[in-house]
*Asks:* 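Please find one structure pasted underneath; my questions will follow.
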Amino acid sequence: MLHAAEAHAYLGEARECERALAGAEKHLEQAHGSDAAHDLFSPTHFGRLAGSCYLSLTDYRKAEQLLTQTAAELHDRRKSRAIVLGNLTLARIRHGDLDAALTSFSDAVNELHGTRGGGGMNIVFRAARELRPWRNEPAVQEAQDRLMALMEAT
């Protein structure tokens, strides 16, 4: 249901997306240790995908709220954390909060130094492209230089 919500979000179908998110949340609340797929369940899964949904639906405040909370909870899953931080950066850029975007961008690059995860790389590079309007700002140049240094180290 979470992936169906994400598909609806990509298509701009807000009502259907939120309906699928509500259904997924209801199902996840009923999950317990005896479920056959319990090992696949992550308490942060809902926040990761719901944040992505609201990012696609251009509700940047809601996306930022969900992604900030999820990033704080993701300590042992660094590849997932890099993706969440990349999406958080996009939400902050699109909301117009450059300082906060640079903070989450830096955190995402830090995670990528340890994981080199392809999903995180794609999202962080998308964020770097969206930072172009501020490319003459020293803080943006420094952030993008850190991303290039990551690629040099690969």
Side-chain angles (χ1 to χ4, degrees), residues 1-134 140 143-144 147 150-151:
M1 293 187 87
L2 284 171
H3 292 292
E6 196 170 31
H8 286 298
Y10 289 152
L11 295 171
E13 300 169 348
R15 190 172 313 136
E16 293 84 355
C17 173
E18 289 192 335
R19 190 173 305 132
L21 285 174
E25 193 168 31
K26 180 180 173 187
H27 284 292
L28 290 171
E29 287 171 355
Q30 298 171 356
H32 50 80
S34 65
D35 288 337
H38 182 72
D39 291 341
L40 301 174
F41 173 72
S42 165
T44 58
H45 201 78
F46 181 84
R48 288 183 1 231
L49 288 174
S52 174
C53 287
Y54 287 109
L55 180 62
S56 294
L57 293 171
T58 68
D59 187 341
Y60 304 128
R61 288 180 194 255
K62 192 156 192 166
E64 182 176 3
Q65 177 187 16
L66 286 161
L67 295 167
T68 299
Q69 179 181 349
T70 302
E73 296 171 3
L74 278 169
H75 295 291
D76 58 336
R77 301 186 64 175
R78 295 182 67 199
K79 285 185 179 181
S80 296
R81 190 164 193 270
I83 291 169
V84 168
L85 289 167
N87 279 332
L88 178 58
T89 300
L90 289 169
R92 288 173 168 173
I93 290 168
R94 293 170 186 174
H95 190 247
D97 191 346
L98 181 61
D99 291 335
L102 288 172
T103 297
S104 53
F105 184 88
S106 178
D107 291 344
V109 171
N110 288 343
E111 293 294 339
L112 289 172
H113 271 285
T115 67
R116 306 272 197 271
M121 287 279 196
N122 288 336
I123 294 170
V124 171
F125 269 91
R126 185 176 313 131
R129 283 192 303 274
E130 290 192 23
L131 286 170
R132 283 183 186 156
W134 300 278
V140 172
Q144 292 185 332
L147 182 59
L150 168 67
M151 297 312 296

*Asks:* With a 4.5 Å heavy-atom cut-off, do Phe125 and Met151 have their side chains touching?
*Replies:* yes
*Asks:* Between Cys53 and Leu21, is any pair of side-chain heavy atoms under 4.5 Å apart?
*Replies:* yes
*Asks:* Glu111: which residues meet the side chain to side chain donor-acceptor pair (under 3.5 Å) condition with it, sequence neighbours left out?
*Replies:* Arg78, Arg81
*Asks:* Within the side chain of Thr68, is there an N or O that forms a donor-acceptor pair under 3.5 Å with the backbone of Gln65?
*Replies:* no
*Asks:* For a 4.5 angstrom cut-off between non-hydrogen side-chain atoms, does Leu2 reach Leu28?
*Replies:* yes
*Asks:* Does the side chain of His8 pick up a donor-acceptor pair with the side chain of Glu16 at under 3.5 Å?
*Replies:* no
*Asks:* Mind checking whether Tyr54 and Glu18 have side chains closer than 4.5 Å, heavy atoms only?
*Replies:* yes
*Asks:* Return the minimal non-hydrogen interatomic distance between Ile83 and Gly120, and the atom names on each side.
*Replies:* CG1-N, 3.5 Å
*Asks:* Is there a side-chain contact between Leu90 and Arg126 (heavy atoms, below 4.5 Å)?
*Replies:* yes
*Asks:* To check you understand the geometry: which heavy-atom pair defines the closest contact between Ala101 and Ile93, and what is its length?
*Replies:* CB-CG1, 3.6 Å
*Asks:* Please name the pair of heavy atoms, one in Val124 and one in Ala108, separated by the smallest distance, quoted to 0.1 Å.
*Replies:* CG2-CB, 3.6 Å
*Asks:* Rounded to the nearest 0.5 Å, what separates atom CZ in Arg92 from atom CD in Glu64?
*Replies:* 4.5 Å
*Asks:* Grab the two heavy atoms, one from Leu112 and one from Ala82, that are nearest each other, plus how far apart they are.
*Replies:* CD2-CB, 3.9 Å
*Asks:* In Å and rounded to the nearest 0.5 Å, what is the CG to CG distance from Leu98 to Leu131?
*Replies:* 6.5 Å
*Asks:* Is a side-chain donor or acceptor of Thr103 paired with a backbone partner of Asp99 at a separation under 3.5 angstrom?
*Replies:* yes
*Asks:* Please name the pair of heavy atoms, one in Ser52 and one in Tyr10, separated by the smallest distance, quoted to 0.1 Å.
*Replies:* OG-OH, 4.3 Å
*Asks:* I'd like to know whether Leu57 forms a side chain to side chain contact (heavy atoms under 4.5 Å, CB included) with Cys17, so could you lay out the CA-CA distance, the side-chain angles of the two residues, the decisive distance to 0.1 Å, and finally the verdict.
*Replies:* CA-CA 9 Å; Leu57 293 171; Cys17 173; 3.9 Å; yes
*Asks:* Answer whether the closest heavy-atom distance between the side chains of Leu55 and Arg94 falls below 4.5 Å.
*Replies:* yes
*Asks:* Once you round to the nearest 0.5 Å, how far does NE2 of His95 lie from CG of Asp59?
*Replies:* 9.0 Å
*Asks:* Can you check whether Leu66's main-chain N or O pairs, donor with acceptor, with Thr70's side chain at less than 3.5 Å?
*Replies:* yes
*Asks:* Is the backbone N or O of Leu85 less than 3.5 Å from a side-chain atom of Thr89, with the two atoms forming a donor-acceptor pair by type?
*Replies:* yes
*Asks:* Any non-hydrogen side-chain atom of Ser56 less than 4.5 Å from a side-chain atom of Glu6?
*Replies:* no
*Asks:* Tell me, do Phe105 and Leu147 make a side-chain contact under 4.5 Å, heavy atoms counted?
*Replies:* yes
*Asks:* Specify the closest pair of heavy atoms between His3 and Leu49, including all atoms of both residues, with the distance to one decimal.
*Replies:* CE1-CD1, 3.8 Å
